[in-house]
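Heads up: the structure comes next, in structure tokens.
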Amino acid sequence: MQTLGMGQAINQALREEMTRDERVFLAGEGIGVGIHDSPLMPTAGLLATFGPGRVKDTPVSEAAIAGLAVGAAAAGLRPVVEVMFNPFFTLASDMIVNHAAKLRYLSGGKTAFPLVVRLKSGAGFGAGCQHSHNLEAWVAHCPGLKVVMPSSPADAKGLLKAAIRDPNPVIFIEDMALYFAPAPVPEEEYVIPLGQAEIKRPGRDVTLVAWSKMVGVALQAAEQLAAEGIEAELVDPRCLGPLDTATIVESVRKTGRLVVVHEANRTGGFAGEIAAVVMEQAFSALKAPLRRVAGPDIPVPASPPLERFYIPDSARVVAAVRSIL
Amino acid sequence: MQTLGMGQAINQALREEMTRDERVFLAGEGIGVGIHDSPLMPTAGLLATFGPGRVKDTPVSEAAIAGLAVGAAAAGLRPVVEVMFNPFFTLASDMIVNHAAKLRYLSGGKTAFPLVVRLKSGAGFGAGCQHSHNLEAWVAHCPGLKVVMPSSPADAKGLLKAAIRDPNPVIFIEDMALYFAPAPVPEEEYVIPLGQAEIKRPGRDVTLVAWSKMVGVALQAAEQLAAEGIEAELVDPRCLGPLDTATIVESVRKTGRLVVVHEANRTGGFAGEIAAVVMEQAFSALKAPLRRVAGPDIPVPASPPLERFYIPDSARVVAAVRSIL
Amino acid sequence: MGIPTQKKHEMMRSMLLARQFEERLSGLYRQPGKIHGMLILATGQEAVGAGVCAALTEADVILGNHRSHHHLLARGADPNALMAEIFGKRTGCNKGKSGTLHLAVPEVNALCTTTVVGGGLPIAVGLGFAQHYDKRDAVTVCFFGDGACAEGSFHESLNLAALWRLPVIFVCENNRYAAAQSYAEHSPVPSLAVRADGYGMVGESVDGNDALAVFAATERARARALRGEGPSLIECLTYRWGGHGESDHQTYQPADEIAAWKRKCPVERLAQALIAAGEVSEDDLARMRDAVAARVEAAVRFAEDSPYPAPEEALDDVWAE
Amino acid sequence: MGIPTQKKHEMMRSMLLARQFEERLSGLYRQPGKIHGMLILATGQEAVGAGVCAALTEADVILGNHRSHHHLLARGADPNALMAEIFGKRTGCNKGKSGTLHLAVPEVNALCTTTVVGGGLPIAVGLGFAQHYDKRDAVTVCFFGDGACAEGSFHESLNLAALWRLPVIFVCENNRYAAAQSYAEHSPVPSLAVRADGYGMVGESVDGNDALAVFAATERARARALRGEGPSLIECLTYRWGGHGESDHQTYQPADEIAAWKRKCPVERLAQALIAAGEVSEDDLARMRDAVAARVEAAVRFAEDSPYPAPEEALDDVWAE
Ligand SMILES: Cc1ncc(C[n+]2csc(CCOP(=O)(O)OP(=O)(O)O)c2C)c(N)n1
Ligand SMILES: Cc1ncc(C[n+]2csc(CCOP(=O)(O)OP(=O)(O)O)c2C)c(N)n1
Ligand SMILES: [Mg+2]
Ligand SMILES: [Mg+2]
């Protein structure tokens, strides 16, 4: 096994898919020539390998970047475009939500839009709320979009390869903190199908559902709880759309308790969907109230102590679990 | 009492507030000179009354319209701008979500952004998914935005007046079908505070939570159920942000059963938030699983039988209630 | 003028077809329960679709907007499938999912259509990019209105297409109105073609009621694109005879303005030009009109005889397998 | 040239202040744990903030972007409050909510700042609209970069401001880079000022390293705006000495390019001009430099001595009462 940060794993996935299929191309702001020359970045070195014809640095034009992907996909290419920070998704959202997600339906199934939009996301780098705003709940609410939120380099690689091969538009959301958290990644080629949750840790007492960076936080919490003899099962849906409800429901049927963890603001966050699914499908198994551990309902502040206050940590997860045992 | 459609009630609210406060102005596409000359439309006749200085027809520029509101509000005016159809909110979403909602926080509470964005929403007029796409869950997930979704002309009038007087950005979402459903509206002036749910129908057996056009659908269902001796309590939150959780929780504590109804797509819809709140705060009172009655996870189709299939009706609500009794 | 007679006949036919197709629709719209939702027509603007599409080859791609019946008919779309889609029938080109507003006809390289004003332009950039990427000898034409030129997407798209020298022809159909807003009320400049300079691309304003002028401008733009000289902006000056949509009261359009433009009817204009040039006779024209009338009747019959989709069919076609 | 000496002194002081303020920040950024997150500086671009703001009166409003220390200092913002905010301290002008990227200083009519590229322009239209609505004798200045000119918001904003003849001055600080993309890589036109023609507004390109030229162009634009002639676009040609941000490796900026522009230092240039004109002596300059150095030191001390906000303070300031 190799040890890679998530950015490096994404970089490998992009390299492998671009090598496999010459219809795959990349576009975005600074994805070729960037302000960071760190090898930890997802697109590092790809311009040198594949050239300016397939690695397209763009002007600062999020709507055009997304439209480029929609049109190129309709014409048979396999665009993988980047939106630099999640809040700027707003500027691309008409192209993605009203076009990428709907035009196939509007064509009566005649035209396909196989594209990937990579969104860099997450709080913790002191840039404030116009750079840090987790909006996965927006895209997970849009029929016609698949939504991937990997929690590890290994998952990111396999899921991105699947996303690039998928005939539908896929929103691939990367928490930037994971670029700097090396972890093992298989050497041999592999693809992880979209829509399959993974149980990151088995347990019998409570089900934790978390995705992206929060999987690591939940795992820490689970270990602290284990020290007290509480065995938490950690389910990582990996994709919010399609959501693997079966795995979540099965886990809650076993544990009877549910805590959902996400970094996004609490109100209207995707934890609500998971709560609803469990309440619909596993009601009789529930032994305790739901708990949500999420960002408070404020924009992400810039000052370090304020930003730390925003980001959910394992202590909050532990407290939430204790409160329902 | 006068009898008005919701558009007429909104028109009255706009007239009264523009008369009361000359800082209030309107902007949008065709809000002055429009393609419809029906008196049922929200902005009918306002140009004639208040003149082109205060009723501004704009080019087709949703981002600029929203930015106009943000800047004018920062400078002390009270903008009320219109986004013609909910899906076009995407084009204004950077201005509203990254600016209107966040700039006050970023200023450390120094600058205020008192503005109203009126969004016309709802399926049922055969225009398809680029005109009909209910996105209230997006804005209800954004700290810094208040979200109003009136279900009746009387509520719309009082709530819009409150929204215009509110010192924060308010997203006011109008289901266009309600423009054509006349109902009584008080003659005398009144304001309905934001954040207060209303129980549209008391009952003991099941709690229905619905907003906007779905309140009427839920009410029909409640009457059909009453004929079978089932007394449904219908709670209309009226605002999704701030959400009056107390009234919802209290109702479920009483009935022990919850059905949430919205027209928006099921997955990731705001019903999830309500489910989570109830599961957190009224768990021990719950006697049955949650049921959601919502639009299926597809874009809104254009053809009449397909569009009818999309829109939740009272029969589906009745069936959902029966399934948990 | 060097335009082959057969091309002129092709334009003549497609203009007659668009005119009759839409006049028939306008009548049907007034019959309750036949056509649902909005109905947006291009009557008076037929020369734009006809002139542009006659200058294209099969490999070229077009992308239209909410007012695109004339574009698609000029491109050769099947009137039956269009009419049935406008009726919301299962036999429509999009199985009733779209209706009139976003007709997609991949069979004629109209891969998608958008009713989001300005929404077509960024997608056209992507379509043109793919043609460039695949080194195809083909161009993408994007049709949009004068109102769309106020959208940010207009700017981002022309800028990117110019920067990358993509084979895209941006065709602005300036019919003097954006819904109820007159051109002067929504645009600060007398002509939109000037905006091409801001991107270093060629911009032309042409008489949009003169199919031959539109054809010629499109040929020039297409040749530039295929020579690798990048995109062009063509502003076609025309006029919307009817309201924005068929339910529009149209009171904001001065009666004399409408009358003046009706005197400049693009269909009549081409007919007279061809007669003057001896390229058609009155009899030829009469035959063309009759053939078109029959075609339109057949389309209406096809649409009326077709079934609506079953409700559950709404669940199909969201996902590609 | 008719610019009062006292104005020139004002510009000189604000440029010295901006330069020293940011050079100090650059040093502090290299000390671990002092400044968190991104740090984006305008070293080399000081003449733009100084020249523009010297031409404004108190009632005028400015709106900046992610690279706005020099704008705010030139406008008269308190260096202590700015420095403390950049440090993330409770005493910062925005209580630590913002940090360096979106500093709001309403005390000097900088009501808000946005780091969304192009995000300032539509808001500036609203600010200018309010000045017009209230019939104030004031203008709004919007600062943005060359990269921002590729955003749709640039287009929508100039279009609407021109259509309504709003008193907005759009100041494009063309420092030849949009992050790592050089001007030629991201823009298809040699100059951005030409885009003004597409909106029927006046556009000028000026030497952005010449504070006096920037001042004069701003005065002209402001006079036009107050005469009701609407908005203007001023492109200030300048250069980013450092990387996009302080953690940028900058390898994509040719060393000789950087060196050539450093020889055109705007601070030195104004100093020499004033000396040549006999409007300052070397001693005056030395005194100014010392005064500024002391001011910057005081600001750093203030920031370092200030407490961080308590974590729960994150919950404040979302809502207005
Ligand atoms: C983004 C967006 N905003 C508003 C609308 C509503 N709308 C539909 S057509 C139209 C006017 C468009 O005018 P123009 O671009 O000139 O095209 P025309 O209708 O004249 O052919 C408007 C405002 C829309 N469909 N999309
Ligand atoms: C909408 C948006 N897209 C991308 C970014 C990331 N970003 C920050 S600054 C910048 C470059 C801006 O270049 P320019 O407008 O020339 O301003 P400069 O940094 O040169 O002062 C980019 C792409 C952003 N902040 N906002
Ligand atoms: Mg038009
Ligand atoms: Mg720049």
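As a basis for the values below, the full set of heavy atoms in this structure was taken, side chains included, without hydrogen atoms, waters or symmetry mates. In what follows, every chain begins at residue 1, and chains take the letters A, B, ... in the order their sequences are listed.
Residues of residues 169-180 of chain C never come within less than 4.5 angstrom of chain D, heavy atom to heavy atom. Residues of residues 196-203 of chain C lying under 4.5 angstrom from chain D, judged on non-hydrogen atoms, are C:Asp197, C:Gly198, C:Tyr199, C:Gly200 by number.
At a 4.5 Å heavy-atom cutoff, the contact between D:Ser187 and chain C is made by backbone atoms alone. Only the backbone of D:Ala184 comes within contact range of chain C, with heavy atoms under 4.5 Å apart. With a threshold of 4.5 angstrom between heavy atoms, D:Glu185 approaches chain C through N, CA, C or O but not through any side-chain atom.
For the set C:Val194, C:Val189, C:Leu160, the entry with the most heavy-atom pairs within less than 4.5 Å of chain D is C:Val189. For the options C:Ala162, C:Ser157, C:Ala150, heavy-atom pairs under 4.5 Å to chain D are most numerous at C:Ala150. Contacts with chain D were tallied for C:Ser153, C:Gly152, C:Gly118; C:Gly152 has the most, counting heavy-atom pairs under 4.5 Å.
Between C:Tyr252 and C:His249, the ring planes lie perpendicular to each other; the angle is over 60°, past the 30° to 60° tilted range. Using cut-offs of 30° and 60° on the angle between ring planes, the pair C:Phe129 and C:His132 is tilted.
Expressed to the nearest 0.5 Å, how far OG1 of C:Thr114 lies from CG of C:Asn65 amounts to 8.5 Å. The CD atom of D:Glu204 lies 8.5 Å from the OG1 atom of D:Thr218; values are rounded to the nearest 0.5 Å.
Using a 4.5 Å cut-off on side-chain heavy atoms (C-beta onward), D:Leu56 and D:Ile62 make contact. With a 4.5 Å cut-off on side-chain heavy atoms, C:Leu158 and C:Leu121 count as touching. Between D:Val117 and D:Phe154, the closest side-chain pair of non-hydrogen atoms is not below 4.5 Å. Taking the side chain as every heavy atom from C-beta outward, D:Leu63 and D:Cys112 approach each other to under 4.5 Å. With a 4.5 Å cut-off on side-chain heavy atoms, D:Gln253 and D:Arg240 count as touching.
Between C:Trp241 and C:Pro266, the closest heavy-atom pair is CZ2-CD, 4.4 Å.
When each of C:His102, C:Met38, C:His244 is checked for a side chain to side chain contact (heavy atoms under 4.5 Å, CB included) with C:His66, only C:His244 meets the rule.
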Step-by-step salt bridge (charged side-chain N to carboxylate O under 4.0 Å, His left out) determination, C:Asp207 to C:Lys264: CA-CA 11 Å; C:Asp207 182 339; C:Lys264 300 191 236 170; over 6 Å; no
